[in-house]
Amino acid sequence: MRVARRLILTGNDATAEAMRQIDPDVVTCFPITPQTELMHKFAEHVADGDVKTEFVLVESEHSAMSAAVGAAAAGARAMTATSANGLALMWEIVYIAASYRLPIVMPVVNRALSGPINIHCDHSDTMGCRDTGWIQLYSENAQEVYDNILQAVRIAEHPDVLLPVMVTFDGFILSHTAEILEGLEDAEARNWIGNYEAKYSLLNTDDPVTFGPLDLQDYYFEHKRQEIEGMWHAPTVIREIGRAYGELSGRPYDLFEAYRLEDAELAVVALGSTCGTTKVVVDELRDQGTKAGLLKIRSFRPFPEAEIAEALGNAKAIGVLDRSVSFGAPGGPVHKEIKAALYGTGREIGIVNYIYGLGGRDMSMDNIKTAFAGLEKVAREGTPDDNIRFLGLRGEGGV
Amino acid sequence: MKERGWTEIPIGGIIEDAGNAATYETGSWRTYRPIWDSEACIDCLRCWVACPDSSIELADGKIAGIDYDHCKGCGICSFECPVDPKAIQMKLETDVAKK
Amino acid sequence: MPQLTEIRWHARGGQGAKTASLLVAEAAAMEGKYSQGFPDYGPERMGAPMRGFTRISDKPIRVHCAIYEPGMVVVLDDTLLSAVDVAAGTPADDGLIIVNTVGTAADVRRELKLEGRKIFTIDATGIAIDEIGRPIPNTPMLGALMKVSNLLSLDTVMAQIKKKFSHGFRPEILEGNIRAIQRAYEEVVGE
């Protein structure tokens with residue numbers, strides 16, 4: 001049996017540890033709370049000579065992503081990291097990274113977008129760029145942050161995919177919480193990551209190519225269709241790599257995790273750190289005789305709709321937890337995907353949306369119990385009129 | 001030219017044959033043709049610097065002629081020419097063709 | 001020890017509660033336990049009331065929320081007793097509250113209007129000034145906590161302190177902290 005390398009690290013330090021082992025060719029850096037300590041730690045690895053990375057300090061996130069795009073187009077394995085307003089500032093180039101098919105890996109430490117200004121966790125930043133062409137993997141705890149980053153490099157660089165990957169984790173709740181995880185040995189990690197040979201490199205003067213030409217009515221549509229194809233291949237690749245990683249580490253990964261879901265009548269769908277808290281609540285409710293379960297989404301992009309619809313098949317009521325808002329839309333982004341996934345399956349399942357935790361509002365076990373309690377009536381009576389609910393909100397409409 | 005389908009082209013908008021603009025002739029786009037007078041030319045190379053289509057041809061560091069396969073007739077070369085009268089004169093293609 | 005121990009730290013920004021909450025978690029990890037340590041960042045200002053949290057368990061910890069019903073509370077600043085409900089959620093029978101104060105456990109009990117619980121006091125600020133030369137009470141509070149909680153061995157905490165202070169600190173600082181922890185371990189009293 002393999003002996004685990006037991007670590008106690010914050011989510012940020014676990015990310016820096018994974019990045020140390022990846023030893024990317026280029027890391028571009030601009031600090032923003034709560035990502036800052038991640039880059040502090042990685043900068044220490046650079047300064048200590050633990051990595052051979054070209055560490056590029058830039059003057060904004062727009063430049064951080066631009067420099068990562070340039071490095072990746074040159075054939076480098078490139079990474080950067082950000083949060084919230086930083087992600088918003090790099091927005092333009094986030095799309096460009098995906099459309100140029102550059103396998104950049106970017107940890108995003110989830111933080112509420114301003115305003116009013118807030119530094120704490122919600123998912124408004126990454127949910128806002130769910131349609132940029134990036135793969136998005138959400139993480140429940142520091143272990144998953146570390147594991148997801150090591151897998152993200154292989155997923156992004158897979159020739160059938162060639163899309164950038166965001167590994168997201170909850171600001172402060174995971175980024176600043178020290179907890180136990182298992183790390184791979186350096187040799188194992190290096191072997192897992194392997195070498196990256198970019199198909200195209202701007203630095204290859206023997207066989208020069210052009211990146212980023214004007215692409216108008218004649219070919220832009222075709223290039224977008226190719227990008228969609230890469231995303232369509234991603235579920236298979238994410239699963240294959242998740243399985244292989246399981247063989248290596250003992251921790252297999254899939255597109256989502258079904259926790260006590262098979263015979264669950266009341267199902268909660270969530271992503272991020274809330275899933276761990278929800279599992280504890282599910283166990284408590286099960287002990288009391290309630291058939292509760294959790295569907296934890298790991299891969300939000302690509303969104304495995306058929307498999308999720310299948311996994312939720314036995315539920316009588318579904319509560320979808322959203323840690324962000326889609327203003328003017330019928331519910332939060334996760335809620336809409338779940339409803340869309342169930343459309344046409346012929347099953348009438350009551351669904352309610354619980355918006356929670358905006359701006360870092362704590363998601364307590366009591367909050368989650370409230371959500372499950374609300375589902376009992378939904379199971380009996382179907383989707384109610386008040387199907388968008390605000391969990392932990394003070395005042396009218398809050399539950 | 002037949003436009004290709006999405007499975008037939010490189011991904012990401014990449015052009016594998018860098019500089020393939022050379023194979024795309026734009027000379028027919030011209031209304032005015034630059035006529036270069038080698039006698040008047042002082043080889044200052046301003047036209048060569050300014051030409052947006054790399055259509056000023058050089059030999060041994062001196063102007064050798066104009067690439068009419070790619071020159072679109074924009075006239076920047078003539079505008080920049082410091083000689084008086086100019087060593088590059090723009091003439092209507094229809095007039096040149098008549099002669 | 002119960003399966004899951006939860007500790008809540010109350011302090012003001014700059015008193016080292018974040019470091020303390022993580023340090024106890026790290027020391028628990030050294031003993032092979034599962035643990036979590038995290039702060040509850042507020043406005044990130046020196047002197048503002050803030051909280052830290054530590055969980056220790058024999059099993060993996062899945063929960064990721066604040067601690068509402070702590071078995072143990074450590075108060076690094078007695079001016080918080082009147083400003084924050086430090087005893088909130090503590091079990092009346094065996095809840096443990098340790099306060100950095102020159103007063104007695106009876107004084108704290110009066111101030112909090114609290115019955116039950118076990119209350120302990122220690123002049124951690126005085127010890128910190130004597131031994132470290134700065135009024136940062138977090139490390140002596142660790143000594144007091146280890147004495148009254150039987151949570152972890154004092155040696156483990158000392159080892160973790162040595163590890164943590166081995167980079168970027170002068171040896172006198174480490175030695176001062178070690179003395180402060182030892183003194184608080186011996187001097188903490190309560191009822």
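Each chain gets a letter, A, B and so on, in the order its sequence line appears, and its residues count up from 1.
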- Neighbour count >12 (heavy atoms, 6.0 Å) for atom CZ, A:R6: yes
- Message: Less than 4.0 angstrom from a charged side-chain N to a carboxylate O is my criterion; do A:R20 and A:D50 meet it?
- Response: no
- Message: Need one label for C:Y68: side chain, backbone, both or neither, based on atoms under 4.5 Å from any heavy atom in chain A.
- Response: side chain
- Take atom CD in C:E191; do more than 12 heavy atoms of anything else shown fall under 6.0 Å from it? yes
- Whatever's closer than 4.5 Å to a heavy atom in chain C on A:I8 counts as side chain
- Message: I need the residue from A:M363, A:M365, A:H176 with the largest number of non-hydrogen atom pairs under 4.5 Å to chain C.
- Response: A:H176
- Task: Give, as side chain, backbone, both or neither, the part of A:T278 having an atom under 4.5 angstrom from any heavy atom of chain C.
- Result: neither
- Task: Decide whether C:Q15 and C:D77 meet the rule of one side-chain donor and one side-chain acceptor closer than 3.5 Å.
- Result: yes
- Item | Heavy-atom contact with chain C under 4.5 Å, split by part of A:N118 | neither
- Can you tell which of A:D362, A:N367, A:D366, A:V280 has the highest number of heavy-atom pairs within less than 4.5 Å of chain C? A:D362
- Message: Looking at chain A, which one of C:A28, C:P60, C:G32 has the largest number of heavy-atom pairs inside 4.5 Å, strictly under?
- Response: C:G32
- Checking A:L7 against chain C: side chain, backbone, both or neither under 4.5 Å from a heavy atom? neither
- Using a distance-only test with no angle check, is there a side-chain donor-acceptor pair under 3.5 angstrom linking A:T10 and A:N12? no
- Message: Run the side chain to side chain donor-acceptor pair (under 3.5 Å) test on A:Q288 and A:E284 for me, step by step, so that the C-alpha distance in whole Å, both residues' side-chain angles and the decisive distance to 0.1 Å come before the verdict.
- Response: CA-CA 6 Å; A:Q288 294 159 17; A:E284 279 190 19; 4.6 Å; no
